[in-house]
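Owing to the predicted nature of the structure, the values given are computational and were not obtained by experimental measurement.
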Amino acid sequence: MNARRKAAMALASAAAMAGTLLGTAAPAHAYGTLDVRYARVDTDNCARISGTLPVTPDSGGCYLYDSVDNTYFEKDAGGEALKVELRNAGTLVSKVEFHPQGEKLWIYDTAADGDTVYVRLYTATHGWSAVFYATAGKNPHVVDFDFAEGEPVLVEIYDNSDATDRITGYWGRA
């Protein structure tokens, strides 16, 4: 290997390391095929509306257990919560939650490996939100919204920061 090529490789390696240290996020496509699991939950009664994630009712809300922090949706009349888990080879690498109580979006980078997903919301009243993501330095990333009670909310998850490579999307209700 000649000196010029070695120098170019060293520069590329240094740039990649600097990006990781600065907390920049890379798209999730490094994983290949992600296994997506989700649950839409009626926060009146903890009934699972759709999806396969198990829901456990509690007097004040609903648990959806996981290996990170056990999602808890507080009761909210008319609300539909959403939890999406993204897995690679059985390992939870990211999760996204929409909490109707308080209208909060939670994004987790559970692998903290420099790879991430990007999320944005849509409502008929507000249109598209900005694109949000979690990194090792900001994990979970919690975003507050101000939606009207009962307003339908589309949560879309992407593999890139300009929101053109869609992984999945589901509706909830504020």
[atom2] on [Y] to [atom1] on [X], rounded to 0.5 Å:
X      : Y      : atom1 : atom2 : answer
His99  : Leu82  : NE2   : CG    : 9.5 Å
Asp165 : Tyr118 : CG    : OH    : 11.0 Å
Lys104 : Phe145 : NZ    : CZ    : 10.5 Å

Problem set entry | From CA spacing to verdict: side-chain contact (heavy atoms from CB on, under 4.5 Å), Tyr38, Leu64 | CA-CA 10 Å; Tyr38 79 100; Leu64 285 82; over 6 Å; no
With heavy-atom distances below 4.5 Å as the criterion, would you say the side chains of [X] and [Y] are in contact?
X      : Y      : result
Val142 : Trp106 : yes
Lys95  : Asp69  : yes
Lys75  : Thr43  : no
Tyr122 : Glu156 : no
Asp66  : Lys83  : yes

Could you pull out all donor-acceptor pairs under 3.5 Å where a side-chain atom in residues 52-63 meets a protein atom, sequence neighbours excluded?
from: Asp58; atom 1: OD2; to: Gly60; atom 2: N; distance (Å): 3.4
from: Asp58; atom 1: OD2; to: Tyr72; atom 2: OH; distance (Å): 2.8

Closest approach of [X] and [Y], non-hydrogen atoms and distance?
X      : Y      : answer
Glu85  : Leu92  : CB-CD1, 3.6 Å
Val96  : Val117 : CG2-CG2, 4.4 Å
Ala163 : Val131 : CB-CG2, 4.1 Å
Pro152 : Thr123 : O-CG2, 3.5 Å

Between [X] (side chain only) and [Y] (backbone N and O only), is there a donor and an acceptor less than 3.5 Å apart?
X      : Y      : value
His141 : Ile107 : no
Thr116 : Thr135 : no
Asp44  : Gly78  : yes
Asp42  : Ala47  : no
Asn139 : Asp109 : yes
Thr110 : Ser94  : yes

For this session: Over 60° means perpendicular and under 30° means parallel, so classify the ring planes of Phe147 and Phe98, tilted if in between.
Result: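 Geometry flag for Phe147 against Phe98: tilted rings.
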Less than 3.5 Å apart, which donor and acceptor atoms pair up between the side chains of residues 167-174 and the rest of the protein, not counting sequence neighbours?
from: Thr168; atom 1: OG1; to: Tyr170; atom 2: OH; distance (Å): 3.2
from: Arg173; atom 1: NH1; to: Gly150; atom 2: O; distance (Å): 2.8

Exercise. Counting heavy atoms not belonging to Asn45, are there more than 12 under 6.0 Å from its CG?
Worked result: yes
Problem set entry | Cluster overlap Val68 with Ile157, hydrophobic side-chain contacts below 4.5 Å |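 No; tracing contacts between hydrophobic side chains, which count when under 4.5 Å, never links both residues.
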Problem set entry | Same apolar cluster: Tyr108 and Val155, side chain cutoff 4.5 Å | no
Exercise. Given the rule in the side chain to side chain donor-acceptor pair (under 3.5 Å) test, do Glu151 and Thr125 qualify, once you have shown the distances and angles that lead to the verdict?
Worked result: CA-CA 8 Å; Glu151 187 170 5; Thr125 304; 2.9 Å; yes
